[in-house]
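Report on the following structure.
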There are 2 protein chains.
Amino acid sequence: MNLRELANLLDLSTTTVSRALNGYPEVSAATRERVAEAARLHGYAPNQVARRLATGRTLAIGHVIPIAEHQMINPVFADFLAGAGETYSAAGYDTVLSIVPAEQEAEAYREMARQRKVDGILVSGPKVVDFRIELLAELGLPFLVHGRTGPDEAGYSWIDINNRRAFRRATELLAHLGHRRIALLNGQEQLSFAARRRLGYEEALIEAGIAFDTDLAHQSEMTEPLGYAAATRMMQLADPPTAFLTSSIITAHGVLRAMRELGRQAGRDFSITTHDDDLSFLPNAGEVPLFTATRSSVRAAGRQAARMLIDLISTPESGPRQELWEVELTLGLSTGPAPRGQTHA
Amino acid sequence: MNLRELANLLDLSTTTVSRALNGYPEVSAATRERVAEAARLHGYAPNQVARRLATGRTLAIGHVIPIAEHQMINPVFADFLAGAGETYSAAGYDTVLSIVPAEQEAEAYREMARQRKVDGILVSGPKVVDFRIELLAELGLPFLVHGRTGPDEAGYSWIDINNRRAFRRATELLAHLGHRRIALLNGQEQLSFAARRRLGYEEALIEAGIAFDTDLAHQSEMTEPLGYAAATRMMQLADPPTAFLTSSIITAHGVLRAMRELGRQAGRDFSITTHDDDLSFLPNAGEVPLFTATRSSVRAAGRQAARMLIDLISTPESGPRQELWEVELTLGLSTGPAPRGQTHA
DNA sequence: TCCAGCATTCAAAGCGCTTTGGATTTTGAC
DNA sequence: GTCAAAATCCAAAGCGCTTTGAATGCTGGA
């Protein structure tokens, strides 16, 4: 059933039927009702592709996901996408993914723009040096970045959390508890968020008069075994850490496992603070949460990012939008005073 | 730059240019080269939407993802999607997601079909009773199921792993090691894969002459805290388990945490076997893997599912395709003989 | 009664591509 | 040199919708 058939059936022109269905005013209430009824009855829905061609709007939003063989699929991104996707659907937009080998990433963005497949693009995981912002500006497609990077933050739209302050506060907390050997298990620091977290960590160390020790600063993909391995290695140092700061609750679990194998209990024998993206399959649960954490729901960020991008698409003339979220610092069971005799204060 | 502009530029008809670019034979090698060159030079790419309308093929594949507020986004699905997406892109297909509230799931499938947005649909997480297979058959859109369910398995296309045999073998392994109190921490058993795993578990118990105990059979979403909670609860039983069988490596980590808190070490004081989907962010790593596991890469399954579906779309006349994968049972550090004095054999 | 003005409706053009059916040119066998 | 076949190209129709510009019918004030 297409528009013309429906129109013939009703003995109306396609113009009128189209207008009736799309809520234009130049059609009488009676016919509008008649059309709606017939459409429902025959299960008519406009062919999306034809509509897209006619209007020039795709009602779709693109995400490009680079994948290297054997590299991890970021579960944080999955939650972000879920949040964004909910909002897209509710607003009548489709979600279009382009999952490509990392080396084809730039080309994937170009294709999206050239082939007019989407009305806008959402960019995830910006790096400290990232070609995408310039590229997308050049392509002239509306876009919004989850995170931010580069010198001209006012020049494009983004939503981000205050990673630097979050990690400064978390580090301060550990320092106030008397810890002097504080390890950072960060994400890969070419990623903008991780670089900011590192900055916050260093700021707090300086403020607390603690020397920065490269042996205690680790960066890697945020998996459980890598957290485990890093913690295990650090505990073999002559002067091992008494506290850990991790970038992901996944890594934090790895640290927990490593420390338990050494007979150390979190909150008593050592402290651990993590950033918590509020992942649905790894909730920081318990009456009192397991981990002391800087928390910010990445799913909520996804929802808001989608709203902002849709807004940007509909009224581009009002210029770029930015939003910076502060994070909560919630106390859990995993932090406590530095153990006596283990600190070298 | 659109097709006509390019054609004018070359002083050719749009017909010829289109044919040249799409590799049809009725165009001389010389003009083909000339056209290709001009297209490259001016950065021309055909408008995908127009092409879709003209050909009737969308070159897109749809996935519907239902989401209930506060319900988990399945990380296993994320890896599956990554695998499928790689294959789609390589074959020139787009990935279209429809992320909707659970109660709108059926409508989302209907919309995909009615609006002709995709050439085919991939269905994930079939339930023991699932409306989707019948619905999609009725909608007449090619589809493939990751998993299988219902009485008529030969009637539609699917790819699945042998969950029943996997869990039978894992249970047998534990029984052979002398365990008599074997707990099952399953996924939600309205899901087809979980129901099959339960069957395999029960079969092996019967074979080993072990009575089924409802206290040792648990089902829930597969999160870390739920694994922790279930294990903790079971250990308070008068006759606690000496071995665990979990449906996900995520849950397995929860069990590990619970047992360590009780001072029990895996492989020595108790055993644990898990299914391992080979998730990229939770690898079962180590020279010897941490967990004894039935392993099957869900990402590889995604890749193969995509291939099968694309194949189904291009040659529907050859009927439904099915593929059942056996899983590897790999030994890790987490299993060992049942501890003496704790068994009630 | 007449006509301006409004409410409805419609025919046709167009979105950018593919594809059918023909037209034109080139080739090759005789 | 001739003519059928093959090679090459093109005009135009069509995919299913939206939207422009115009036509029609109806209202009520002069």
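In what follows, every chain begins at residue 1, and chains take the letters A, B, ... in the order their sequences are listed.
Distance, A:L10 CG to C:dT9 P: 11 Å, rounded to whole Å. What separates CD of B:E33 from P of D:dT8 is a distance of 15 Å, to the nearest Å. When rounded to the nearest whole Å, the span between CZ of A:R19 and P of D:dG16 equals 21 Å. Straight-line distance from the CG atom of A:L21 to the C1' atom of D:dT19: 15 Å, rounded to whole Å. B:Q48 places its CD atom 15 Å from the C1' atom of D:dC15, with the value rounded to the nearest Å. In this structure, A:E5 atom CD and D:dG16 atom P are separated by 8 Å, rounded to whole Å. Atom CG in A:N2 sits roughly 14 Å away from atom C1' in D:dT18 (whole-Å rounding). Rounded to whole Å, atom P of C:dC17 lies 13 Å from atom CZ of B:R52.
The line from CD of B:E105 to CZ of B:F131 is 4.5 Å long, rounded to the nearest 0.5 Å.
Looking at the side chain of B:A54, the nearest of the listed nucleotides C:dT18, D:dT19, D:dC9 is C:dT18. You'll find that the side chain of B:N22 is closest to C:dT18, out of D:dG16, D:dC10, C:dT18. The side chain of B:L12 sits closest to D:dC10 out of D:dT18, D:dC10, C:dT18. Closest to the side chain of B:R4, out of D:dT8, D:dG16, C:dC15, is C:dC15. Set against C:dG16, C:dT18, D:dG21, the side chain of B:L3 has C:dT18 as its closest nucleotide. Nearest nucleotide to the B:V27 side chain, out of C:dT8, C:dT18, D:dC9: D:dC9. The nucleotide whose nearest atom lies closest to any side-chain atom of B:E26 is, among D:dG16, D:dC10, D:dC9, D:dC9.
Residue A:E134 qualifies as open at atom CD: its count of foreign heavy atoms under 6.0 Å is 12 or below.
For the helix from C:dT1-D:dA30 to C:dC30-D:dG1, the terminal axes (five pairs an end, C1' atoms, rotation from four pairs onto the next four) enclose an angle of 50°, given to 10 degrees.
Defined by atom type and a distance below 3.5 Å, a donor-acceptor pair is missing between the side-chain atoms of B:E153 and B:Q322.
The shortest distance between the side-chain N/O atoms of A:Y44 and the OP1/OP2 oxygens of D:dG16 is not below 4.0 Å. Distances shorter than 4.0 Å separate some side-chain N or O of A:Y24 from OP1 or OP2 on D:dT19. For B:S13, no side-chain nitrogen or oxygen approaches OP1 or OP2 of D:dC9 to under 4.0 Å. Regarding contacts with the backbone of C:dC10, a side-chain N or O of A:T16 is found under 4.0 angstrom from either OP1 or OP2. At D:dC9, one or more side-chain N or O atoms of B:S28 fall inside 4.0 Å of OP1 or OP2 (strictly under the cut-off).
Comparing A:R51 and B:T14 against DNA chain D, the residue whose closest nucleotide sits nearer the 5' end is B:T14.
Partners of B:S157 according to the side chain to side chain contact (heavy atoms under 4.5 Å, CB included) rule, which considers only residues two or more places apart in sequence or in another chain, are B:L144, B:L312, B:P320, B:R321.
Residue B:T15 is classed as a base contact, given a heavy-atom separation below 4.0 Å to a base.
Applying side chain to side chain contact (heavy atoms under 4.5 Å, CB included) to B:S13 and the options B:D11, B:L10, B:T15, B:V17 leaves one that passes, B:T15.
Salt-bridge check for B:R34 with B:E37: failed, with every basic side-chain N at 4.0 Å or more from each acidic carboxylate O. Ion pair A:R299/A:E86 flagged as a salt bridge, since at least one NZ, NE, NH1 or NH2 atom sits closer than 4.0 Å to an Asp/Glu carboxylate oxygen.
Listed by first and then second residue, the ring-ring contact (aromatic ring centres under 6.0 Å, His included) pairs that reach into residues 2-38 of chain B come to none, sequence neighbours excluded.
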